[in-house]
Structures are given as C-alpha cells and as structure tokens.
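For reference, the structure is listed below as structure tokens.
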Amino acid sequence: MRLLLVEDDPMIGETLRDLLRAQGYAVDWVADGSQGQTALAVQSYDLVLLDLGLPGCDGLVLLQGLRARKDRTPVLIATARDSVAARIAGLDAGADDYLLKPYDFDELLARIRALLRRASGRAEPLYAHQGVVLDPATREARVQGQPVALSAREWAVLEALLARPGRVLSRQQLEDKLYGWGEEISSNAVEVYIHGLRKKLGPALILNVRGLGYMVPP
Ligand code: CA
C-alpha cells in the first residue's frame, strides 16, 4: 500500500515516514501543500495523510481540489486545528477521518487500516483466501493455520494481490505499491518476492498472467 504524507513539520514528517515504512507501507512525504497537489496528479495512492496548516496551499484546499476531480482516495486529516468547526469543515470537504495532534501512533495505524479496509470493500479485518490468512493489525500470516514468516515486502506484494482477488497487477503496479520516491528498486525485485511467496504459501495462490502481471485467482 502506498501512502502520501503531507506534513510540513520536519520532525513529525520524518518520524511518521520512518514509522510507516517500518510497517511495510510505501511512503512519499511532501512538506508543502502544492507539492502534495503535484504528487496526487502524477501518482496514485491508497491513502493520503494530510496536515491542514501547510505552506504552498492549505490542506483543506488540496482536499477540495481532490474531491472536485472525483478522486476517491481515502484522506485522513491529522492536524492541530481542534475546533469543532474545523473538524466539521474537514469532514464536509471530503475527508474520511480526522485525527487531532498530538495523537497516539497505534491509533493512527488502526485508523489507516480501517480506511484501507473500507476502500478495498472488505467488511472483515482479515484477508482470508484459499487457506491463507493475513492479519493487517498484527502483520501475522498463516497458511492452513500455521504461522509463516513473510518479509515486509513479501507481505506488501501479497496484500496488494489479496485486496482484489481476480485483478491482475502488473510488475510496475506492484513496484508502485512497494517503493516510495528515492527507494532503490532492483529490476527483478517483484519476481523475487513472488518466488519467495510461492515457496512459503504454495505454488497455486499467485498466478503469473503471461505478459500482464500477477493475480490471486478469485
Ligand atoms: Ca502544519
């Protein structure tokens, strides 16, 4: 899953980026509202974590522009603007959730998981498919009830595929889910992760659709 972090406080931004990356998310961080607009114009994201008080362009203006383009990307506002009026304005501008600074990091992660779950159309918190179960909250994977250790990248590939069984994701689309800007990608990285997943989870779970990419059969 790829997240856009729009946060002008360098300390909060860097801390959040590193913590979110440690959770296996690909994270692009911009410290300016207009850079956030540019990022959203050129890259698709699974979620935007949005501060409101920003140089360049206010977070609320960024959000309004996003929704005016009928972009449905989930947006979680995380701000120090704590008035009821500000919270109402944020939600009515199209935010999906609103969190006040300072917040608890575990709560932020749970809210991110809830928004990603809703966006993928799942009601249940676990991914369960053909005997494979992933728990995004604990980041545990099981096959036929037995725990399996997956690397953060293997987890990210599998989660992207399990989010929509039957949908083919190209290598490029999977790379987009795995790596933020400036992160090194080796040319066969996705193939290596798919190979590792097949070894651990069995060869039938992930299909190679020749010339197109990979999918989990529905
Ligand atoms: Ca700010």
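Note: hydrogens, waters and symmetry copies are ignored here, and every other heavy atom, side chains too, is used. Indexing begins at 1, ligand by ligand and atom by atom, following the structure's order. This structure is a prediction, so every number in the text was calculated from the model and none was measured.
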- Pairwise distance CD(Glu175) to CD(Gln173) - rounded to 0.5 angstrom: 11.0 Å
- Message: Rounded at 0.5 Å granularity, tell me how far NZ in Lys200 sits from CG in Leu205.
- Response: 13.5 Å
- So, Tyr45 and Asp28: side-chain donor and acceptor under 3.5 Å apart, yes or no? yes
- Message: Given 3.5 Å as the limit, does a donor-acceptor pair link the side chain of Arg171 with the main chain of Gly213, or not?
- Response: no
- Item | Glu183 bridged to Arg153 by N-O distance under 4.0 Å | yes
- Arg113/Asp106 ion pair, N-O < 4.0 Å: no
- Note on the structure: Note on the Ca ion (ligand 1): protein N/O/S atoms within less than 3.0 Å are Asp8 OD1, Asp51 OD2, Gly53 O
